[in-house]
Amino acid sequence: MREELLSIVEKNSRIDLKELAVLLGAEEIDVANELAKLEAEGVICGYHTLIDWEKTSIEMVTALIEVKVTPQRGQGFDHIAERIYNYPEVKAVYLISGGYDLLVTLEEKTLKEISRFVSDKLSTLDSVLSTATHFILKKYKDHGTILDKKHEDSREVITP
Amino acid sequence: MRNFLSDKVQNIQPSGIRKFFDIVSEMKDAISLGVGEPDFETPWHIRDEGIYSLEKGKTFYTSNSGLKELRGEICNYLKRVQNLDYNPDKEVLVTVGGSEAIDIGLRAMINPGDEVIIPQPSYVSYEPCAYLAGAKSVIINLKAENEFRLTPEELENAITDKTKVLILPYPNNPTGAIMEREDLEKIAKIIIEKDIFVLSDEIYSALTYKEKHVSIANISGMKERTLLINGFSKAYAMTGWRLGYACGPAELIKQMTKIHQYAIMCAPTTSQYAAVDALKNGDEDVEKMRQAYNQRRRFLMNAFSEMGLACFEPYGAFYVFPCIKEFGMSSEEFAERFLKEEKVAAVPGTAFGESGEGFLRISYAYSLENLKVAIERLKHFVERLREEKV
């Protein structure tokens with residue numbers, strides 16, 4: 001049940017318990033217990049909403065920043081990652097294999113704020129060697145959802 | 001001018017679905033639950049392989065029986081999921097959908113006057129195909145109390161000394177019924193004893209919600225008297241690609257290949273290349289879709305039980321077949337009123353044979369959101385009909 005439960009709530013975190021139980025063919029109480037367990041174990045980390053900010057009047061700029069760092073003795077990359085992810089404007093930090101070390105996703109209201117963050121805060125950290133900032137121009141698909149496409153049923157209405 | 005049409009073709013009734021289709025198409029904001037194909041698009045990696053084959057210029061005929069690689073993958077698949085051994089060179093034919101395989105399979109087996117047993121409710125093409133092949137159809141009216149499975153008694157009663165072929169349509173469209181191993185073993189005994197042949201239409205085999213599907217070819221002594229028909233439409237959401245296949249005894253496949261060769265040449269080349277990828281890399285996609293169907297199936301069964309609508313639990317395909325006898329009207333009447341008054345189209349059970357009277361086929365090849373709206377309307381409708389009756 002665990003895997004199927006996760007695949008449902010991953011797509012729809014607003015689904016109510018009763019419906020969830022029906023879809024899984026399980027008892028409500030068992031589903032509730034499983035959900036509580038998944039939350040306690042930190043498997044389910046939150047119930048977020050996917051928003052296309054483009055369609056609002058709120059300005060929002062997203063940047064992906066590649067960061068090269070010197071790992072620190074005894075702590076590897078964890079310490080520097082923590083220094084970075086503690087900034088609330090940082091939305092995601094990943095350790096990456098390949099040409100650079102950390103990938104940082106940053107959301108700000110303006111380009112200026114992003115460049116200020118990179119030059120004032122990120123680049124000045126001791127172990128940061130270099131950064132490369134990429135601004136996102138358009139989001140086509142996010143979290144598995146295609147943003148600008150309405151699904152249309154193009155099937156014939158009745159078929160045998 | 002003289003009548004240039006054959007008596008035979010004029011005797012065939014147009015599909016009962018057609019008439020209903022015409023009414024629905026004229027209605028603008030109707031929701032349909034009448035579709036017999038997946039709502040999913042073909043998984044992208046499969047489509048991509050089709051596109052790639054076009055880019056590489058694979059635009060020619062394939063061999064009559066289909067790409068060697070595809071036949072090989074079909075055999076691998078049947079071995080993997082059903083533990084069946086077929087020889088890709090002699091016992092497999094790639095066809096234009098399962099539909100073509102049904103047609104040419106019957107044509108390759110029937111002599112004038114032979115009888116073909118067709119359990120109903122079932123897919124609309126068996127009877128006309130049998131008729132065109134020169135057979136006499138013997139219909140078995142399956143019963144709701146048996147969950148629309150074929151029982152050994154029903155089969156035995158339908159067999160005469162002219163019986164040649166039994167069509168075995170499971171998992172079933174329109175009822176969603178399945179036949180489990182024990183059910184198959186019981187009828188296999190009779191089939192072997194009476195020396196008849198089986199055309200097993202297993203197009204929905206990937207979509208079962210209890211045990212994994214068992215092919216009758218898997219029952220001891222049955223493989224040599226079974227023509228197994230399957231395809232890509234339902235499992236991989238590839239209806240528009242028109243690709244299916246038939247597996248069976250070499251001599252039968254050889255004769256079918258002759259008809260196929262003269263009537264069709266070969267199945268569409270692009271589809272065949274895409275299908276190779278479907279079989280190689282598509283298991284996970286099939287499982288995901290199966291899981292989504294299963295959730296919808298549970299949702300519908302729960303909704304029916306809440307509104308007190310009688311429906312046996314179907315474990316296959318993507319249809320539920322609720323009983324509407326309590327409202328005292330025919331399936332057709334019910335479906336027409338449901339469409340006119342609530343703007344929801346569902347196919348009357350009678351479109352799949354007389355024994356579908358009193359039932360409605362509801363397809364769950366729709367998103368949960370769609371199904372929720374439709375079920376809300378069905379609830380209104382059912383409540384109103386019950387009030388009318390008092």
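Here is the naming used below: chain letters follow the sequence lines, and residue numbers restart at 1 for every chain. Side chains included, hydrogens not; waters and symmetry mates left out as well; all remaining heavy atoms used. Being a predicted model, the structure only gives us computed values, none of them experimental.
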>> Please determine whether the number of non-hydrogen atoms from other residues, nucleotides or ligands lying under 6.0 Å from atom CD of B:Glu287 exceeds 12.
In response: yes
>> Would you say CD of A:Glu10 has more than 12 non-hydrogen atoms from neighbouring residues, nucleotides or ligands within 6.0 angstrom?
In response: no
> What do you reckon, is CZ of A:Arg83 surrounded by more than 12 foreign heavy atoms closer than 6.0 Å?
Replying inline: no
> To the nearest 0.5 Å, what is the distance between CG (A:Asn12) and CD (B:Glu369)?
Replying inline: 7.5 Å
> Above 12 or not: heavy atoms from other molecules or residues under 6.0 Å from CD of A:Glu41?
Replying inline: yes
> Would you say the side chain of A:Thr159 lies within less than 4.5 Å of the side chain of B:Phe21, judging by non-hydrogen atoms?
Replying inline: no
> Considering all heavy atoms of both residues, which atom of B:Arg298 and which atom of A:Gly25 are nearest to each other, and what is their separation?
Replying inline: CD-N, 3.4 Å
> Below 4.0 angstrom, N of the basic side chain to O of the carboxylate: do A:Glu4 and B:Lys288 qualify?
Replying inline: no
> Is any residue of residues 34-42 of chain B within less than 4.5 Å of chain A by heavy atoms, and which ones?
Replying inline: B:Gly34, B:Val35, B:Gly36, B:Glu37, B:Pro38, B:Asp39, B:Glu41
>> How about CD on A:Glu39, more than 12 heavy atoms from neighbouring residues, nucleotides or ligands closer than 6.0 Å, or not?
In response: yes
> Given that the side chain runs from C-beta out, which part of B:Arg297 has a heavy atom under 4.5 Å from chain A: side chain, backbone, both or neither?
Replying inline: neither
>> Under 4.0 Å between a side-chain nitrogen and a carboxylate oxygen: does that hold for A:Glu19 and B:Arg296?
In response: no
> Where does B:Ala351 contact chain A at under 4.5 Å (heavy atoms): side chain, backbone, both or neither?
Replying inline: neither
>> Please determine whether the number of non-hydrogen atoms from other residues, nucleotides or ligands lying under 6.0 Å from atom NZ of B:Lys372 exceeds 12.
In response: yes
>> Working to the nearest 0.5 angstrom, can you tell me the gap between B:Asn302 CG and A:Leu23 CG?
In response: 9.0 Å
> What is the distance from atom CD of A:Glu156 to atom OG of B:Ser25, rounded to the nearest 0.5 Å?
Replying inline: 8.0 Å
>> Which residues in residues 67-74 of chain A have any heavy atom closer than 4.5 Å to a heavy atom of chain B?
In response: none
> Could you give the distance from CD1 (A:Ile8) to CG (B:Leu368), rounded to the nearest 0.5 Å?
Replying inline: 8.5 Å
>> Looking at A:Tyr47, I'd like to know if its OH atom is crowded, meaning that more than 12 non-hydrogen atoms belonging to other residues, nucleotides or ligands lie closer than 6.0 Å.
In response: yes
>> Please classify the contact between A:Lys18 and chain B as side chain, backbone, both or neither, with a heavy-atom cut-off of under 4.5 Å.
In response: side chain
>> Would you say that more than 12 heavy atoms from the other residues, nucleotides or ligands in this model lie under 6.0 Å from the CZ of A:Arg14, or not?
In response: no
>> Less than 4.5 Å to any heavy atom of chain B: does that hold for the side chain of A:Ser154, its backbone, both, or neither?
In response: neither
> Where do B:Tyr319 and A:Pro160 come nearest, in terms of heavy atoms and distance?
Replying inline: OH-O, 4.3 Å
> Distance from B:Leu339 atom CG to A:Ile158 atom CD1, nearest 0.5 Å?
Replying inline: 8.0 Å
